[in-house]
Amino acid sequence: MEEIDYDLNKFRVPASPSPTPIPAQTRHSLPSRTPLPPPTRSKIRQQKLKYAFIGYIIVLVFLAITQFIGVGFFTRGFLLSRDVLPNISDCGVGSGGGGGSSSSCIPPRFNKAMILVIDALRFDFVIPVADSDEYYHNNFPVLYDLAQSENGVLLKFIADPPTTTLQRLKGLTTGSLPTIIDAGSNFNGDAIDEDNWLLQLRKLNKTIAFMGDDTWTALFNEYIDPKFNFPYDSLNVWDLHTVDNGVIDHLFPLMEQNENSNWDMLIGHFLGVDHVGHRYGPRHYSMKEKLNQMNDVITKVVNELDDETLLIVFGDHGMDYTGNHGGDAPDELESTLFMYSKKHNFFKKDKDAYDIDDKGANYRHVNQIDLVPTISLLLGLPVPFNNLGFPIDEAFGNAKEALAAGKLTIEQIKRFRDLTPSLSDSLLEQYNDLINVYSSKTNDLSLIEQMKQYQFQSLEQCKSLWARFDLRFIGLGIGILFLSLTFMITYARSIPAVRVSTLSFEFIGSVVAMSIIGVVLSFSIYIVLKPGDFTLKICLCIGGVLGMVVGFWAPIMDRFSVDFIWHQTVDFFQFNFNSWSFMGIVFVTLHCLMFASNSYVVWEDKLVSFFLLSFGGSCVYALAIKTDLSREAKILGISHAITFLVLTRVASMVTACREEQKPYCETTFAASWWSIIVLHSLTYLLPAFIQSFYKLSDSYYSAAPLWIGTGLKFLLFMNAMYWTFEYVQNNEFFNTARFTISEPLLKSLKLAIARLVLFISLVLANFSWSRGPLCVKLELVEVKEIDDDDDDDENSSDSDDMKSQRSASILGYGNVYGSSYFLLVLNFTIAVMLTTKPIGAISISILIIQILSLLEIIEELQLRRNLVSPIIFGLLGYQHFFSTGHQATIPSIQWELGFMTTETILFPFTHLNIVLNTFGPFFLVALAVPLITIWKIVPSPKPITVLSQIITNITTLSTYFLFTGLSSSIFAAHFRRHLMVWKIFAPRFMLSAMLIILINIFLIVVTLWGSGKVLRQVNRIFGK
């Protein structure tokens, strides 16, 4: 194996690069022929490099698996789930006062019902708002106008978080409360397996017709009549009209009274309002058009409605100021509920509760789960068994009917509580008192409030029950993550990676053997002791993890003693620990401690920018006082540091404010005409900037002009054209009658451009790069020397006195690794820029220049082996995560960009777009981190040494993300009872968990492959 040598500075390029001559042993005059040396030594080195590369993959895969297991255990204990009771309610099962029995149903008030869901219908969209010129105000007046009569009622409809469509539909049909873990299934919903009012309708052989959002068919397909089932793809948020037009096309023919429209329940789910919000935000002119369309639809429905049908219109959630939802901000929770009947009146006992003041701030509100017992009892159905809501008073004709509905509902809640062990012994006395009082006061309105109090207390108890965290799994997850952290630190810094590479093949045998032993022992313990609630599966997982721990340490301790590891660590810090390393440790420590405060988590974007600005300012000072640099090198270094500092400040000005930051934050991440102009300017500016950095190391040759001067410009131009078409398609000016542009044409052009750019950048360019040349050029120089032999020849001319000889020099030799590898970074940069909105693409361009400036600073300050270098790369990933319009919140996920290359959900393309959009900046810094080692160094005679230092920086970056992930997990568990746990701490943990998983996969699959490819290619060409 290669001799250990970490001093890569000996391979660095001179400060003022010049054409690098071929080394003496390979330089030759062209006329002569020198026999090539035997290839044996080069082949042996290539073979060793190959085995070392495979060994590193084995170790990194093991380290990643341990982290994944830790994240899995913690997630299982922290992200809550609940068990639902399988019981189905029946009209024949009820309980009366004094131990008697009665029916659990009442005669139906309506024989038919029509439910129209207008997705994301925020409450202030439907009420009059004075002195407002917003597009989302005063453009949907029909609901409020109809509610002024006794035949209609309009209520504020409060959703329970998470405010995603699938979870809201679960609550609106079962009356239960989906827990936070259900949010992940919003795009992969399974059929509901608990009692719900659609199931109850089907039990009575009622016909259910449906049209619209296909989420309903994912949940209730077995209950919907196949003849009246018209689902439409729901998640293409760039399509504003297909679903709504489809609902309209089927809705009105089914309302006609004929043998082909014999339905008992009709459900239509409109998506246009929600899609406008996701795509443009509520302030776009398209919101006015969509609300006007919905106003016309409801007006026509009311006109054609028969006397026996109940019309219910509601929104499943609202939307925030950006048009997104998923969290628990007031604008996301406040939706709309409207009920109307031509024949029946509604019971409005308090007229003042429906007054509009301050945009309906004090308007009468009900919970969404209250709709479940309301619909059930109005249609003569039993209340679903898992229901936790209470009937809406207004839906019934008088106090007597409302009291009867309330009594049946609390009886159902009592049955649910009786079969839930942790609830069965509480609230018994209060329930018995209500039942006894009801028998004598069937018209007492105060009794309704007492029933609501019983339901409210029951609901709060259930929330508390479902908020019980499994501390065993939380502790196991944190413990395994901590062990993974010790593995990473030991591997990255305590033992020379080049030596550990020789142990890689011992690792796999040791880990597998110890894991099997651990599984067998845990199985034996389970059989003998049967430890409580721990299932066999969990016991086997724990045993396997413990075996993996022993398997990891066994080969290391066999080769290296604890004393050696200690001294190696001390030697590393003695040799390399300075103020820069201390700064890196301070940044990591402060970043980890930040999760101890909800306020600091909220303002994480500003703290990350502060860390980067502090580093940039320190670099300017360090370069200014550095004495061993020439004047030209010092000026150049300071200019790079200032560039890094200025660009960091500019990037920090791009913000997408989260709710908690207001009013101290103003969102600047919004598409505008100037961002499109800047995108077109970057078509020329970004390649020019990159070219200037290449020319600093004299590397702009061969593959570089093709990639940067041609390919990059073309793809940046295509990217700019895509967003130009998007801007034209969405701009009100270009969509007036005079400037109407064919929308299908623009849609086809955008789809073609996106597919072309992603295919070239992710497939064709990477394949070409793996087969392409290095960024070097062979330059032939003709040298004339005086021929001494001809001095005595009197007949010889002066021209004959000179002897011609050719020599060769290699241009780009001083940065042969870095210049070639950076082209791979550019390939992925294009893909990330395409899947990011215009200002986000500008931010990614800033990131690329920051990385190049940072590499020059690292080279001048000799920070290749310093802890601070990969940490700054990690901080750059965080900064541009925020500056591309993201926050550690569910609503900030830009789902709409998943449909850039597909018109429907198509795995993996839709998912790939969302992943690139959300985690693209992290991928770029993870891909660029090997440049810390290989930027501006000449070909090394010891490539394994270079590879080992790359692995050290890769694992250091991974360790940084593991540190923040472990810290966010610890504090999320600590604050599990905090008021803001699901709004701040839980989403931040989920971001860290996703980073741990995705960054490890990306580092192994892409970064290690790319760096290994460059090392092997350079060693094959320049190896001795």
Centroid-centroid under 6.0 Å between Trp580 and Phe615 rings: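 Centroid distance Trp580-Phe615: below 6.0 Å, so yes.
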
Test of ring centre spacing under 6.0 Å for His640 and Phe693: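 Yes, the ring centres sit under 6.0 Å apart.
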
Please state whether the rings of [X] and [Y] are parallel, tilted or perpendicular, taking 30° and 60° as the class boundaries.
{"X": "Tyr285", "Y": "Tyr135", "value": "perpendicular"}
{"X": "Phe907", "Y": "His911", "value": "perpendicular"}
{"X": "Phe881", "Y": "Phe922", "value": "tilted"}
{"X": "Phe919", "Y": "Phe923", "value": "tilted"}

Backbone of [Y] reached by a side-chain donor or acceptor of [X] within 3.5 Å:
{"X": "Ser820", "Y": "Tyr817", "answer": "no"}
{"X": "Arg864", "Y": "Trp935", "answer": "yes"}
{"X": "Glu856", "Y": "Ser853", "answer": "no"}
{"X": "Ser652", "Y": "Arg649", "answer": "yes"}
{"X": "Ser845", "Y": "Ala841", "answer": "yes"}
{"X": "Ser675", "Y": "Ser672", "answer": "yes"}
{"X": "Ser967", "Y": "Phe963", "answer": "no"}
{"X": "Ser609", "Y": "Asp605", "answer": "yes"}
{"X": "Ser692", "Y": "Phe689", "answer": "yes"}
{"X": "Thr918", "Y": "Val915", "answer": "no"}

How long is the straight-line distance from [atom2] of [Y] back to [atom1] of [X], given to the nearest 0.5 Å?
{"X": "Leu826", "Y": "Leu686", "atom1": "CG", "atom2": "CG", "answer": "7.5 Å"}
{"X": "Ile753", "Y": "Leu715", "atom1": "CD1", "atom2": "CG", "answer": "11.5 Å"}
{"X": "Met721", "Y": "Met718", "atom1": "CE", "atom2": "CE", "answer": "8.0 Å"}
{"X": "Ile857", "Y": "Gln850", "atom1": "CD1", "atom2": "CD", "answer": "10.0 Å"}
{"X": "Leu931", "Y": "Leu854", "atom1": "CG", "atom2": "CG", "answer": "10.0 Å"}
{"X": "Leu927", "Y": "Leu1003", "atom1": "CG", "atom2": "CG", "answer": "9.0 Å"}

Go through the side-chain N and O atoms of [X] and [Y] and say whether any donor and acceptor fall under 3.5 Å apart.
{"X": "Asn917", "Y": "Thr835", "answer": "no"}
{"X": "His880", "Y": "Ser843", "answer": "yes"}
{"X": "Gln67", "Y": "Asn1000", "answer": "yes"}
{"X": "His325", "Y": "Asp320", "answer": "no"}
{"X": "Thr724", "Y": "His680", "answer": "yes"}
{"X": "His591", "Y": "Tyr960", "answer": "yes"}

Residue from Phe822, Trp1009, Trp707 passing ring pair (Phe, Tyr, Trp, His ring centres under 6.0 Å) with Trp769: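 Answer to the ring pair (Phe, Tyr, Trp, His ring centres under 6.0 Å) test with Trp769 among Phe822, Trp1009, Trp707: Trp1009.
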
Glu896 and Lys837: CA distance, side-chain angles, deciding distance, salt bridge (charged side-chain N to carboxylate O under 4.0 Å, His left out) verdict: CA-CA 11 Å; Glu896 65 273 22; Lys837 294 181 181 180; 2.7 Å; yes

Derivation and outcome, side-chain contact (heavy atoms from CB on, under 4.5 Å), residues Leu762 and Asn827: CA-CA 7 Å; Leu762 293 181; Asn827 293 344; over 6 Å; no

Tell me, do [X] and [Y] make a side-chain contact under 4.5 Å, heavy atoms counted?
{"X": "Thr884", "Y": "Pro921", "result": "yes"}
{"X": "Val588", "Y": "Phe611", "result": "no"}
{"X": "Thr655", "Y": "Lys606", "result": "yes"}
{"X": "Phe828", "Y": "Val1006", "result": "yes"}
{"X": "Leu924", "Y": "Val832", "result": "yes"}
{"X": "Met319", "Y": "Asn324", "result": "no"}
{"X": "Val868", "Y": "Ser581", "result": "no"}
{"X": "Phe1002", "Y": "Leu998", "result": "no"}

Closest non-hydrogen atom pair, [X] against [Y]:
{"X": "Ser614", "Y": "Phe587", "result": "CB-CZ, 4.2 Å"}
{"X": "Phe971", "Y": "Ala596", "result": "CE2-CB, 3.4 Å"}
{"X": "Gly965", "Y": "Ile996", "result": "CA-CD1, 4.0 Å"}
{"X": "Leu834", "Y": "Ala754", "result": "CD2-O, 3.6 Å"}

Glu604/Arg988 salt bridge by N-O under 4.0 Å criterion: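 Yes.
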
N-O pairing of Lys747 and Glu726 below 4.0 Å: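 Here Lys747 does not pair with Glu726 in a salt bridge, since their nearest N and O are not under 4.0 Å apart.
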
Stepwise side-chain contact (heavy atoms from CB on, under 4.5 Å) check, Tyr727 with Trp673: CA-CA 8 Å; Tyr727 180 78; Trp673 60 268; 3.5 Å; yes

Audit row: Tyr664, Trp603, ring-ring contact (aromatic ring centres under 6.0 Å, His included) steps and yes/no: CA-CA 11 Å; Tyr664 308 105; Trp603 291 100; 7.1 Å; no

side-chain contact (heavy atoms from CB on, under 4.5 Å) assessment of His278 paired with Gln894: CA-CA 8 Å; His278 281 299; Gln894 299 167 20; over 6 Å; no

Evaluation steps, side-chain contact (heavy atoms from CB on, under 4.5 Å), between Ser768 and Leu764: CA-CA 6 Å; Ser768 302; Leu764 185 60; 4.3 Å; yes

Six-ring centre of Tyr321, Lys662 cation under 6.0 angstrom, axis tolerance 45°: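 Here Lys662 passes the 6.0 Å and 45° test against Tyr321.
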
